[in-house]
Amino acid sequence: MQQEMCLFRGFTKDQATQALNLLSQEGGEFNTRFAPMTDSMETMKMEELITALFEGTALGGKALTEGQRVVLMAVTQKERAVTVMRAVKSVSEDPQDIVFAMVTQTALQWTLQEYIDHISEEHEYMKTHNPADDPDMKKV
């Protein structure tokens with residue numbers, strides 16, 4: 001069974017439970033867990049944070065509820081990330097304003113707050129810029 005972890009900021013426990021229920025109905029070989037981002041996690045390196053959560057370590061702290069809604073996905077397949085995104089969006093108001101990101105190798109070296117800042121900046125950029133107008137994106 002493949003282990004997955006999704007970190008949430010700005011969602012209610014009910015929304016996270018609904019999304020997790022939708023994922024479990026999909027079936028398959030995935031054991032997906034959701035965890036709220038807390039203030040005690042903000043200065044932790046992503047690698048340390050993800051490892052602790054997979055090991056079941058209680059990290060404590062106050063859930064982060066303010067600011068932009070964010071979902072960080074420690075999943076190994078892009079297709080699975082899309083499935084998680086669809087589940088979360090289906091139980092959310094204004095789903096276009098949610099920042100989603102897969103946890104990358106690079107991100108593992110950043111703190112949670114650094115990663116949130118980075119992906120939030122990217123999200124805002126993509127909302128206001130057309131990739132077709134960017135010469136670097138045309139190469140992709």
Side-chain angles (χ1 to χ4, degrees):
M1 179 131 329
Q2 188 147 6
Q3 299 290 318
E4 299 177 326
M5 181 64 64
C6 297
L7 297 168
F8 281 75
R9 180 177 85 179
F11 292 86
T12 66
K13 185 174 184 175
D14 186 50
Q15 288 171 315
T17 300
Q18 288 177 35
L20 190 56
N21 287 340
L22 288 171
L23 284 174
S24 66
Q25 291 172 10
E26 296 272 331
E29 303 176 17
F30 302 99
N31 180 15
T32 307
R33 294 185 289 174
F34 288 177
M37 294 180 202
T38 65
D39 56 359
S40 65
M41 297 175 181
E42 289 179 301
T43 58
M44 293 178 71
K45 295 275 187 189
M46 288 299 298
E47 184 171 31
E48 174 188 4
L49 174 56
I50 297 295
T51 299
L53 291 171
F54 275 129
E55 291 173 352
T57 304
L59 300 174
K62 182 178 180 249
L64 300 175
T65 57
E66 300 297 317
Q68 195 158 29
R69 293 176 298 160
V70 177
V71 179
L72 299 179
M73 302 169 286
V75 298
T76 57
Q77 301 171 3
K78 288 181 184 180
E79 297 81 15
R80 185 62 179 174
V82 170
T83 302
V84 171
M85 289 168 48
R86 286 184 180 141
V88 172
K89 286 181 175 188
S90 73
V91 300
S92 302
E93 294 179 19
D94 299 320
Q96 69 279 3
D97 290 332
I98 302 170
V99 178
F100 291 95
M102 288 178 65
V103 177
T104 64
Q105 285 296 101
T106 300
L108 290 174
Q109 304 312 308
W110 295 347
T111 66
L112 174 61
Q113 189 58 58
E114 289 169 336
Y115 197 36
I116 290 172
D117 291 345
H118 175 77
I119 62 173
S120 294
E121 186 177 304
E122 283 183 342
H123 181 77
E124 287 305 312
Y125 180 85
M126 294 306 289
K127 283 174 41 177
T128 59
H129 291 79
N130 182 348
D133 296 335
D134 185 339
D136 291 330
M137 292 301 289
K138 288 182 181 180
K139 295 176 189 174
V140 178

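What you are looking at is a predicted structure, and each value in this text was computed from that prediction instead of being measured.
In this structure, the side chains of Thr38 and Lys62 stay at 4.5 Å or more apart for every pair of heavy atoms. Side-chain contact check for Val75 versus Met102: some heavy-atom pair is nearer than 4.5 Å. Side-chain contact between Thr83 and Leu23 is present, with heavy atoms from C-beta onward closer than 4.5 Å. Between Thr111 and Glu42 the shortest side-chain heavy-atom distance does not fall below 4.5 Å.
A donor-acceptor contact under 3.5 angstrom links the side chains of Gln2 and Thr76, judged on distance only. Side-chain contact, Thr104 with Thr106: no donor N or O sits under 3.5 Å from an acceptor N or O. Between the side chains of Glu114 and His118, not a single donor N or O lies within less than 3.5 Å of an accepting N or O. There is a side-chain donor-acceptor pair under 3.5 Å between Asp14 and Gln18.
Between Tyr115 and Ala101, the closest heavy-atom pair is OH-CB, 3.8 Å.
At most 12 heavy atoms of other shown residues, nucleotides or ligands fall within 6.0 angstrom of atom CD in Gln105. A 6.0 Å sphere centred on CD of Glu121 holds no more than 12 heavy atoms belonging to other residues, nucleotides or ligands.
Checking Met41, Glu48, Arg33 one by one against Leu53, the side chain to side chain contact (heavy atoms under 4.5 Å, CB included) holds for a single residue, Met41.
Taking the ring axis of Phe8 as reference, the NZ or CZ atom of Arg69 does not stay both within 45° of it and closer than 6.0 Å to the ring centre.
Under a hydrophobic clustering in which Ile, Leu, Val, Met, Phe, Trp and Tyr are joined whenever their side-chain heavy atoms come within less than 4.5 Å, directly or via other members, Phe30 and Phe100 fall into different clusters. Leu22 and Ile98 are members of different hydrophobic clusters when ILVMFWY side chains are connected at heavy-atom separations under 4.5 Å.
A salt bridge links Arg80 with Glu4: at least one charged nitrogen is closer than 4.0 Å to a carboxylate oxygen.
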